[in-house]
Amino acid sequence: MQLKVTSWNINSVRLRIGLVERFLIEQKPDVLCLQEIKCRDAEFPLKDFRKLGYEHIAINGQKGYHGVAIVSRLPIEEINKREFCEKGDARHISVNLAPIKGKPITIHNFYIPAGGDEPDPAINEKFAHKLQFLDELQEWTKTSKLAKDNSILVGDLNIAPLEHDVWSHKALLSVVSHTPKETEKLTKIYQAGPWIDAIRHFIPADQKAYSWWSYRSPNWLESDRGRRLDHIWLSKALASKLTSIDIFKEARGWERPSDHAPISAVLDLSKSDKTKT
DNA sequence: ATGGTGGTCCTACCA
């Protein structure tokens, strides 16, 4: 029994529903976690997903900005949404899948604040918000089962934590998304889980890996100044089930693309729990 | 050092 989970910041699900359909048909994930759907719940294009067999859908929408959703071919038993920083932003949703091979799996989908341009919380309220969001996530990790049992955390975390998650470590140390203030907080959350970084499980830390390329570079492919802002983390119990990952860079080159590529992980849930990785 | 592009929804805000 294979489970393929994908995370994709779609930057308007209504505008790019054609690209989403193409991805679902060609890449066949079982569960697709979307960020920046940029619509209210009632405006989400349910029918387009249902006709492709994705009948189980959880939405935390918002007018114009942000918004996250999870669409699934597999039954969803429970949906939860958590608010952070008391701002009313739609930046989290989680689902409990019906047990697969006896395993109940929880998937958390996050859209962490981008944080604006100036990496100083004293003068940039957006960066202060990002840091506060990370502090609340750290607290939640401590007091909940977030990383326990069979859990998957995905999303646009808007942070590239490792040196080779950005095209130039040195140049980006002062650029929001790669500053020590953020990367240290994210690393603490990651270690506290503890989580397994699915992408880095297969791509060594000394090799470049990106999931996002700015719209502001017309030659994004040749210049390749990317960042790894999107992540798939697995709880320890699921780490031994991980069989492959993919950063589907091709979609960044499709017509009128999102600036993020979809990232996927495939788990083999029929594998023994005792398998070493 | 600067400006580069794109989405939402009407004017500026967010990324």
Side-chain angles (χ1 to χ4, degrees), chain A residues 7-23 33-45 48 59-69 83-93 109-121 123-134 154-161 165-168 170-179 181-183 186 210-231 249 251-263:
Chain A
S7 175
W8 194 6
N9 179 321
I10 194 60
N11 188 17
S12 175
V13 69
R14 288 178 294 174
L15 187 71
R16 286 185 239 288
I17 187 62
L19 301 188
V20 176
E21 288 180 42
R22 179 174 171 189
F23 179 80
C33 301
L34 296 167
Q35 303 88 36
E36 281 206 272
I37 60 174
K38 291 189 172 177
C39 65
R40 301 175 184 94
D41 289 14
E43 298 163 333
F44 192 84
D48 298 289
I59 311 166
N60 186 8
Q62 182 176 337
K63 182 183 178 181
Y65 306 112
H66 322 313
V68 289
E83 190 186 343
F84 288 80
C85 308
E86 297 179 334
K87 284 182 72 92
D89 285 357
R91 295 181 178 276
H92 167 265
I93 192 165
N109 181 16
F110 280 94
Y111 177 50
I112 290 183
D117 288 331
E118 184 58 53
D120 179 354
I123 58 171
N124 174 9
E125 184 277 327
K126 288 177 196 164
F127 193 62
H129 175 215
K130 185 177 198 175
L131 297 178
Q132 187 191 341
F133 193 105
L134 291 166
V154 312
D156 176 3
L157 307 186
N158 266 313
I159 297 172
D165 291 340
V166 294
W167 64 275
S168 168
K170 198 178 164 191
L172 289 177
L173 274 173
S174 58
V175 173
V176 171
S177 72
H178 194 59
T179 67
K181 278 195 176 71
E182 325 158 56
T183 58
L186 188 69
Y210 314 136
S211 63
W212 173 89
W213 293 262
S214 171
Y215 282 129
R216 296 177 189 180
S217 174
N219 59 336
W220 67 275
L221 188 59
E222 300 80 62
S223 58
D224 200 25
R225 296 184 167 190
R227 305 178 202 170
R228 190 170 71 103
L229 304 180
D230 305 275
H231 300 270
K249 188 177 176 181
R252 180 61 180 81
W254 286 351
E255 196 177 339
R256 287 254 262 167
S258 166
D259 44 356
H260 294 254
I263 61 169

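Reminder, nothing fancy here: chain letters follow the sequence lines and each chain counts from 1. These numbers come from a predicted model, not from an experiment.
Distance alone, capped at 3.5 Å, places no donor-acceptor pair between the Arg14(A) side chain and the Ile37(A) backbone. Side chain of Thr179(A) to main chain of Val175(A): no donor-acceptor pair is present (N/O by atom type, distance under 3.5 Å, no hydrogens or angles).
Between chain A and DNA chain B, the heavy-atom contact criterion of under 4.0 Å yields a 5' to 3' nucleotide range of dG4(B) to dA15(B).
Heavy atoms only, all atoms of each residue included: Trp213(A) and Arg252(A) are closest at O-NH2, 2.9 Å. Residue Glu118(A) comes nearest to Phe127(A) through the heavy atom pair O-CB, 3.7 Å, listed as atom of the first residue, atom of the second, then distance. The minimum heavy-atom distance linking Tyr215(A) with Asn11(A) is given by the pair OH-ND2, 3.0 Å. Minimum heavy-atom separation, Val166(A) to Tyr210(A): C-CE2, 3.5 Å.
One finds the CG atom of Leu19(A) at 8.0 Å from the CG atom of Leu15(A) (value rounded to the nearest 0.5 Å).
In terms of position on DNA chain B, the residue among Ile37(A) and His260(A) whose nearest nucleotide sits closer to the 5' end is Ile37(A). Both Asp156(A) and Arg40(A) lie close to DNA chain B; mapped to their nearest nucleotides by heavy-atom distance, the more 5′-ward contact belongs to Arg40(A).
Less than 4.0 Å separates DNA chain B from at least one heavy atom of each of the following residues of residues 8-20 of chain A: Asn11(A), Ser12(A), Arg14(A), Leu15(A), Arg16(A). Using a 4.0 Å cut-off on heavy atoms, the residues of residues 110-118 of chain A that approach DNA chain B are Tyr111(A), Ala114(A), listed by number.
At the heavy-atom level, Arg227(A) lies nowhere under 4.0 Å from the strands shown.
Annotation: dA15(B) and dT2(B) have their P atoms spaced 23 Å apart (nearest Å). Only the P atoms considered, dG6(B) is 22 Å distant from dC10(B), to the nearest whole Å. Comparing the same atom, C1', in dC9(B) and in dC13(B) gives a spacing of 10 Å after rounding to whole Å.
When each of Lys130(A), Arg227(A), Arg228(A) is checked for a side-chain hydrogen bond (donor to acceptor under 3.5 Å, both in side chains) with Ser177(A), only Arg227(A) meets the rule. Screening Asn158(A), Asp156(A), Asn109(A) for a side-chain hydrogen bond (donor to acceptor under 3.5 Å, both in side chains) with Gln35(A), the sole residue that qualifies is Asn109(A).
Pairs of Watson-Crick or G-U wobble type, with distances under 3.5 Å, assemble into runs of 3 or more in DNA chain B at these ranges: B:5-8 with B:12-15.
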Does Asp89(A) form a salt bridge (Lys or Arg N to Asp or Glu O under 4.0 Å) with Lys87(A)? I'd like the steps, not just the answer.
CA-CA 5 Å; Asp89(A) 285 357; Lys87(A) 284 182 72 92; 5.4 Å; no
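The ring-ring contact (aromatic ring centres under 6.0 Å, His included) test applied to His129(A) returns no partner, not counting sequence neighbours. By the ring-ring contact (aromatic ring centres under 6.0 Å, His included) test, Trp254(A) is found to be paired with Phe248(A), residues two or more places apart in sequence or in another chain being considered.
Within 6.0 Å of the CG atom in Asp117(A), the count of heavy atoms belonging to other residues, nucleotides or ligands does not exceed 12.
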